[in-house]
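On a predicted model such as this, the values are computed, not experimentally measured, just so you know.
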Amino acid sequence: MERITKSKDETIALAKEFAKNIKIGDVIILLGDLGAGKTHFVKGLAQGLGSENLVTSPTFTIMNIYEGGKMPIYHFDMYRLSSMEEAQELGFEEYFDTESLDGVSVVEWPSQVEGLIKKPYYKITIDKIEENTRKITIGREE
């Protein structure tokens, strides 16, 4: 699926719509440059799953947890990690095991921990076209 959004609100609305497909154990990877709108997508996802938590980028904390909705959301920003081994040392593997995960995991900058996240997962790419216009591509990697 591919959509064009022309504002942050439209990106959030698209993510809320996408949230209807999410189930416990799903893993989502988010691809896009800095400022593309990855965190806004997570805001919409959280709203769509019924969480009222304030969604912020976990750049410095690496992981934020949002509870209070249909399921916990584990929001990762792997930008500051240098390797899959570093993520393993932090115990992140359990958040990508689709068999035992008790919520949904969302990962920004997954290339930093390549090999840690196994298929199946949703792959969402956000491309900045203009100041407020984004092309959002949603697919499933099996």
Side-chain angles (χ1 to χ4, degrees), residues 1-129 132-142:
M1 174 176 89
E2 189 175 288
R3 293 263 181 88
I4 301 293
T5 61
K6 296 184 184 252
S7 68
K8 293 175 186 175
D9 290 339
E10 285 185 14
T11 297
I12 289 169
L14 175 60
K16 285 171 75 170
E17 179 184 323
F18 171 71
K20 295 174 186 173
N21 301 313
I22 296 303
K23 62 187 184 322
I24 289 175
D26 280 341
V27 175
I28 301 164
I29 65 168
L30 288 172
L31 305 172
D33 293 335
L34 284 170
K38 296 181 296 293
T39 301
H40 287 292
F41 193 92
V42 178
K43 286 178 185 180
L45 182 72
Q47 289 173 16
L49 293 174
S51 174
E52 295 180 8
N53 283 277
L54 174 65
V55 173
T56 59
S57 177
T59 300
F60 296 102
T61 58
I62 303 175
M63 179 179 76
N64 289 338
I65 302 172
Y66 311 117
E67 297 182 297
K70 295 177 185 172
M71 65 189 80
I73 301 166
Y74 303 102
H75 181 197
F76 292 87
D77 184 332
M78 301 297 194
Y79 187 76
R80 297 198 177 282
L81 294 186
S82 58
S83 67
M84 177 177 76
E85 291 76 22
E86 188 176 356
Q88 288 171 317
E89 288 171 15
L90 293 168
F92 290 161
E93 276 182 299
E94 68 181 285
Y95 295 100
F96 308 118
D97 181 349
T98 58
E99 300 295 318
S100 64
L101 183 61
D102 68 345
V104 60
S105 289
V106 183
V107 185
E108 297 184 34
W109 302 102
S111 61
Q112 298 296 98
V113 292
E114 196 165 322
L116 184 67
I117 302 166
K118 308 286 189 249
K119 294 179 181 180
Y121 54 77
Y122 286 98
K123 178 181 175 183
I124 300 171
T125 305
I126 304 175
D127 293 307
K128 186 175 181 178
I129 296 172
N132 294 312
T133 305
R134 304 291 186 267
K135 179 175 82 169
I136 300 174
T137 307
I138 300 174
R140 181 113 171 125
E141 300 283 325
E142 297 293 338

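- Between Leu34 and Trp109, some side-chain heavy-atom pair lies under the 4.5 Å cut-off.
- No more than 12 heavy atoms of other residues, nucleotides or ligands lie within 6.0 Å of NZ in Lys8, so this atom counts as exposed by the packing criterion.
- Of all non-hydrogen atoms in Lys118 and Tyr121, the two that sit nearest each other are O-CD2, 3.5 Å.
- Considering CD of Glu10 and CG of Asn132, their distance stands at 10.0 Å, rounded to 0.5 Å.
- Under the 4.5 Å side-chain criterion, counting only non-hydrogen atoms from C-beta, Met71 is in contact with Ile22.
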field: CA sep, side-chain torsions, deciding dist, call: Asp26, Arg140, side-chain contact (heavy atoms from CB on, under 4.5 Å)
entry: CA-CA 11 Å; Asp26 280 341; Arg140 181 113 171 125; 4.0 Å; yes
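- Around the CD atom of Glu99, the shell of radius 6.0 Å holds no more than 12 heavy atoms that belong to other residues, nucleotides or ligands.
- The closest side-chain heavy-atom distance from His40 to Arg134 is not below 4.5 Å.
- Of the options Leu81, Val107, Val113, Ile117, a side-chain contact (heavy atoms from CB on, under 4.5 Å) to Phe92 is made by Leu81 and by none of the others.
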For a quick test of your reading: what N or O donor-acceptor pairs under 3.5 Å do the side chains of residues 46-56 make, sequence neighbours left out?
unit_1 : atom_1 : unit_2 : atom_2 : d
Ser51  : OG     : Asn53  : N      : 3.2
Ser51  : OG     : Asn53  : ND2    : 2.9
Ser51  : OG     : Glu67  : O      : 3.3
Asn53  : ND2    : Glu67  : O      : 2.3
Thr56  : OG1    : Asn64  : ND2    : 3.4

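- Listed for the Lys38 side chain is no donor-acceptor partner under 3.5 Å among the backbone atoms of Ile126.
- Counting only heavy atoms from C-beta outward, the side chains of Arg80 and Phe60 approach each other to under 4.5 Å.
- For the pair Leu31 and Pro110, the tightest heavy-atom approach, listed with the atom from each and the gap, is CD2-CG, 3.5 Å.
- Counting non-hydrogen atoms of neighbouring residues, nucleotides and ligands closer than 6.0 angstrom, the OH atom of Tyr122 exceeds 12 such neighbours.
- Of the inter-residue distances, the one linking Leu45 atom CG with Ile12 atom CD1 reads 11.5 Å to the nearest 0.5 angstrom.
- To the nearest 0.5 Å, atom CE of residue Met63 and atom NE2 of residue His75 are 11.5 Å apart.
- Residues passing the side-chain hydrogen bond (donor to acceptor under 3.5 Å, both in side chains) test with Thr125: none are found, sequence neighbours excluded.
- The closest side-chain heavy-atom distance from Thr39 to Glu108 is below 4.5 Å.
- Distance OG1/Thr98 to NZ/Lys119: 13.5 Å, rounded to 0.5 Å.
- How far CZ of Phe41 is from CG of Leu14: 5.5 Å, rounded to the nearest 0.5 Å.
- Here the side chains of Phe96 and Leu101 are not in contact, with every heavy-atom distance at 4.5 Å or above.
- Counting only distance, with no hydrogens or angles, the side chain of Asp97 and the backbone of Glu94 share no donor-acceptor pair below 3.5 Å.
- One distance of note links CG of Asp102 with OH of Tyr74; it measures 3.5 Å at 0.5 Å rounding.
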